[in-house]
Amino acid sequence: MTPAKLADAVLAAAHALFAERGLDPTALPESTAVERPRNPEHGDYASTLALQLAKKSGVPPRDLAAGLADQLGRTPGIKSVEIAGPGFLNIRLDAAAAGQLARVVVQAGKEYGHSERLAGQKINLEFVSANPTGPVHIGGVRWAALGDALARLLRAVGAEVGTEYYVNDAGTQIDRFAQSLLAASRGEPTPEDGYAGAYIAEIAEGITRDHPDADLATFRSVGVERMLAEIESSLTGFGVHFDLYFRESDLHSRGELDHALTRLREQGHVFEADGAIWLRTTDFGDDKDRVLRKSDGEWTYFAADCAYYLDKRERAFERVVMMLGADHHGYIGRMRAMVSCFGDDPDTHLEIMIGQMVNLVRDGVPVRMSKRAGTVVTLEDVVEAIGVDAARYALARYSADSPIDIDVELWTRSTRDNPVYYVQYVAARTASVARNAAEVGLSRGDADSFRPELLDHEKENELLKALGEYPSVVATAAELREPHRIARYLEDLSGNYHRFYDNCRILPKGDEPIGDLHRTRLWLNDATRTVIANGLDLLGVSAPERM
RNA sequence: GCGCUCGUAGCUCAGCGGAUAGAGCAGCUGCCUUCUAAGCAGUUGGUCGCAGGUUCGAAUCCUGCCGGGCGCACCA
């Protein structure tokens with residue numbers, strides 16, 4: 001019996017009860033859920049349905065709870081139902097019904113935890129989008145970890161996801177980048193407002209080698225391509241693949257800014273003043289109107305944002321998700337207003353996620369500079385310091401709302417206090433048990449030797465409940481755009497596995513003959529490995545066979 | 001000044017309106033002759049920033065205040 005099926009049973013009981021008492025069935029929700037109470041005295045699962053229905057039905061909650069308990073008590077697999085407090089239903093399952101889950105999980109394999117909850121939704125996810133004027137810095141690394149995890153999560157719940165990296169290859173920052181390369185190639189000092197760092201000299205040198213007569217235009221075009229190739233390669237090494245690297249220059253060359261301007265004009269929110277073309281974003285709550293085309297005829301960055309948004313919408317994405325650093329949160333107001341100016345609804349078509357700052361900390365002091373980039377800490381620096389797995393886990397483990405310090409010493413430690421090791425250790429332990437089982441001739445066996453009623457130890461029950469919770473954790477994490485929930489869940493699951501391991505011997509001791517308990521526990525071991533591996537995969541972290 | 005965000009144990013943080021608010025670290029104390037001790041068990045530690053409101057029920061939702069961070073360009 002999975003929690004989802006139990007929840008269905010609770011709802012079915014409510015329907016039966018309402019019919020029996022002649023109550024209005026429209027008061028019943030379409031679906032309900034059961035909780036995994038922390039306090040074991042509150043049963044294996046708890047439902048608050050009676051509390052929720054009391055007001056709507058006009059029946060006292062404890063009275064409703066009693067009726068529900070009566071109905072539920074007749075459901076196979078349910079051992080007992082108690083009413084507690086104001087009207088909680090505390091439900092206990094038979095060991096056999098609870099234990100079935102081990103088999104459900106193993107048989108579902110990689111699919112366990114997946115659902116169709118967001119099926120049919122087409123979501124565009126844009127993240128990182130660091131300017132191609134230098135390596136990806138640490139803030140972008142957080143988005144790489146979080147954005148990629150979110151893409152995996154959304155796909156796991158059935159959404160159609162397109163991931164994109166917006167390449168700002170058309171603005172004046174690119175001019176400065178080109179001039180910095182040119183200066184470096186001539187051995188001249190970095191121009192004012194230019195880019196410094198060893199990488200500039202390296203790229204300049206490479207371009208000069210391949211294009212001896214390179215002029216500013218060459219440094220510009222080739223420089224951007226090489227920088228972008230480097231960025232893409234470092235992201236690939238980080239396990240992050242983008243479906244599309246979208247170039248701002250394409251918006252210009254395809255005339256998409258004019259197209260967007262036309263559309264905005266049609267909607268009636270464009271005006272001219274002081275020789276510039278403006279979008280009246282104040283119509284939709286922005287604190288000031290925004291320039292689309294400057295008086296000198298140049299498009300603004302904001303105009304390109306408008307065109308890019310329109311482009312995504314015209315590619316049939318119904319939801320446009322963008323991830324920005326906290327220093328860009330001022331964009332939210334104008335972006336939402338812009339969406340409204342197009343006639344869209346910012347609450348349904350746009351979603352802007354804001355992430356707080358990240359520091360790499362060594363010996364209690366923030367690391368400030370990269371060996372290669374000079375002024376910032378880069379993706380390579382983070383990977384070199386703690387490795388891809390730890391970096392991805394550390395960056396995905398915290399809510400994007402909270403600023404984080406990544407302590408190099410902590411995240412490279414091989415102890416309990418390093419969360420990624422704690423979780424990966426379970427992956428290794430479960431794999432080790434499976435290997436040892438195979439060596440002594442123990443296998444999960446067939447359906448006859450899977451005897452879930454034998455899984456009646458407290459720690460087995462706790463582990464089963466944790467495993468059963470996984471699908472709803474995935475669904476919630478996807479809906480709330482909070483990958484950190486996966487990490488926290490995996491840590492909880494890991495604790496449950498270790499306690500099971502400590503209390504319940506899986507393999508036969510010495511000459512002990514192999515029995516159904518050994519086989520059944522092996523199912524539980526393998527179910528745990530499945531969920532740990534699936535969860536880590538959502539975060540882009542490996543599930544090692546050995547450590 | 002306006003806006004966004006955060007404020008939970010000594011520290012770092014979980015907690016999508018539910019029961020006695022949880023975990024790791026730090027402190028103290030135990031557990032390895034058979035599956036990985038990179039583990040487990042016990043113990044100490046809280047006016048959930050403050051004040052109101054909504055609710056059967058608030059750390060969670062709303063309002064105000066206090067404190068920290070960030071942002072308010074015809075920059076990109």
Side-chain angles (χ1 to χ4, degrees), chain A residues 35 37-39 41-42 46 48 51-52 54-55 60-61 84-88 90 131 133 168 170-176 193 248 273-278 287-288 290-296 298-302 304 325-333 352 354 356-357 397-405 407 410 413-419 421-422 424-426 428-437 439-440 442 459 472 475-477 479-480 482 484-485 487-489 491-492 494-495 497-499 501-512 518 521-522 525 546-547:
Chain A
E35 298 169 11
R38 191 150 277 288
N39 186 339
E41 288 174 19
H42 297 152
T48 58
L51 291 165
Q52 291 159 31
K55 189 164 233 175
F88 293 101
N90 294 334
N131 284 348
T133 53
N168 296 124
T172 58
Q173 81 283 1
I174 297 298
D175 297 332
R176 295 205 286 259
D193 294 331
E248 182 189 357
D274 305 327
I277 300 175
W278 298 70
D287 49 2
K288 62 190 73 165
R290 304 290 168 178
V291 173
L292 292 168
R293 194 170 205 165
K294 297 186 248 180
S295 52
D296 65 3
E298 289 288 312
W299 293 103
T300 59
Y301 187 89
F302 179 65
D327 52 341
H328 285 68
H329 73 254
Y331 282 40
I332 297 176
I352 299 180
I354 295 296
Q356 299 297 320
M357 300 302 169
R397 180 178 190 258
Y398 302 90
S399 155
D401 292 332
S402 68
I404 50 179
D405 289 336
D407 187 298
L410 169 69
R413 214 181 283 168
S414 302
T415 57
R416 171 72 183 88
D417 45 328
N418 179 351
Y421 271 86
Y422 186 65
Q424 286 187 313
Y425 183 55
V426 172
R429 229 182 194 185
T430 50
S432 167
V433 168
R435 277 194 303 272
N436 295 340
E439 260 177 43
V440 299
L442 169 62
K459 302 304 180 189
S472 68
T476 303
E479 279 164 16
L480 298 178
E482 292 183 343
H484 76 268
R485 286 171 185 273
R488 302 297 176 147
Y489 164 80
E491 290 163 33
D492 176 66
S494 296
Y497 178 77
H498 286 311
R499 288 187 284 276
Y501 178 93
D502 261 32
N503 285 277
C504 304
R505 170 102 193 170
I506 300 161
L507 304 184
K509 286 187 185 180
D511 299 334
E512 188 187 352
H518 300 120
R521 280 180 172 164
L522 189 58
N525 178 78
R546 304 166 196 276
M547 288 172 77

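Here is how names work: the chains are called A, B, and so on, in the same order as the sequence lines, proteins then strands, and each is numbered from 1. Note that the coordinates shown come from a computational prediction; the quantities given were computed from them, not determined experimentally.
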Report summary line: RNA chain B in dot-bracket form (Watson-Crick or G-U pairs under 3.5 Å, [ ] crossing, | inter-strand) is (((((((..((((....[...)))).(((((.......))))).....(((((..]....))))))))))))....

Query raised in the report: Between the side-chain atoms of Ser402(A) and the base atoms of C13(B), is any donor-acceptor pair under 3.5 Å?
Result: no

Requested in this report: Examine the base of C16(B) for any acceptor or donor lying under 3.5 Å from a partner atom in the side chain of Thr476(A), and report the outcome as yes or no.
Outcome: yes

Report summary line: The nucleotide from U34(B), A38(B), C13(B) with an atom nearest the side chain of Tyr398(A) is C13(B)

Query raised in the report: What interatomic distance, in whole Å, is found between C1' of G64(B) and the corresponding atom of A41(B)?
Result: 48 Å

**Report entry** Pairwise C1' distance for G27(B) and A14(B), with rounding to whole Å
**Finding:** 22 Å

Query raised in the report: Within the structure, does a side-chain N or O atom of Lys55(A) lie under 4.0 Å from either OP1 or OP2 of C56(B)?
Result: yes

Query raised in the report: So does Lys294(A) get a side-chain nitrogen or oxygen closer than 4.0 Å to the phosphate oxygens (OP1/OP2) of C75(B)?
Result: yes

Report summary line: Protein heavy-atom contacts under 4.0 Å, written 5' to 3' over nucleotides 67-72 of chain B as B (base), S (sugar-phosphate only) or - (none), form the string ---BSS

Query raised in the report: C35(B) base stacked by Tyr501(A)? Criteria: ring centres under 5.5 Å, plane angle under 30°.
Result: yes

I'd like a table of atom pairs between the protein and nucleotides 40-45 of chain B - only N or O on both sides, under 3.5 Å - with the distance next to each one.
residue: C40(B); atom: OP1; partner: Tyr422(A); partner atom: OH; Å: 2.5
residue: C40(B); atom: O4'; partner: Asp502(A); partner atom: OD2; Å: 2.8
residue: C40(B); atom: O2'; partner: Asp502(A); partner atom: OD2; Å: 3.2

Report task. Evaluate side-chain hydrogen bond (donor to acceptor under 3.5 Å, both in side chains) for Tyr422(A) paired with Asp417(A), printing each intermediate quantity in order. Result -> CA-CA 7 Å; Tyr422(A) 186 65; Asp417(A) 45 328; over 6 Å; no

Query raised in the report: What closest approach, in Å, do Ile354(A) and Asp401(A) show between heavy atoms, and which atom pair accounts for it?
Result: O-OD1, 4.0 Å

Query raised in the report: Is it true that the NZ or CZ of Arg521(A) lies under 6.0 Å from the centre of Tyr501(A)'s six-membered ring and within 45 degrees of the ring axis?
Result: no

Query raised in the report: Going by a 90° cut-off around 0, is C32(B) syn or anti?
Result: syn

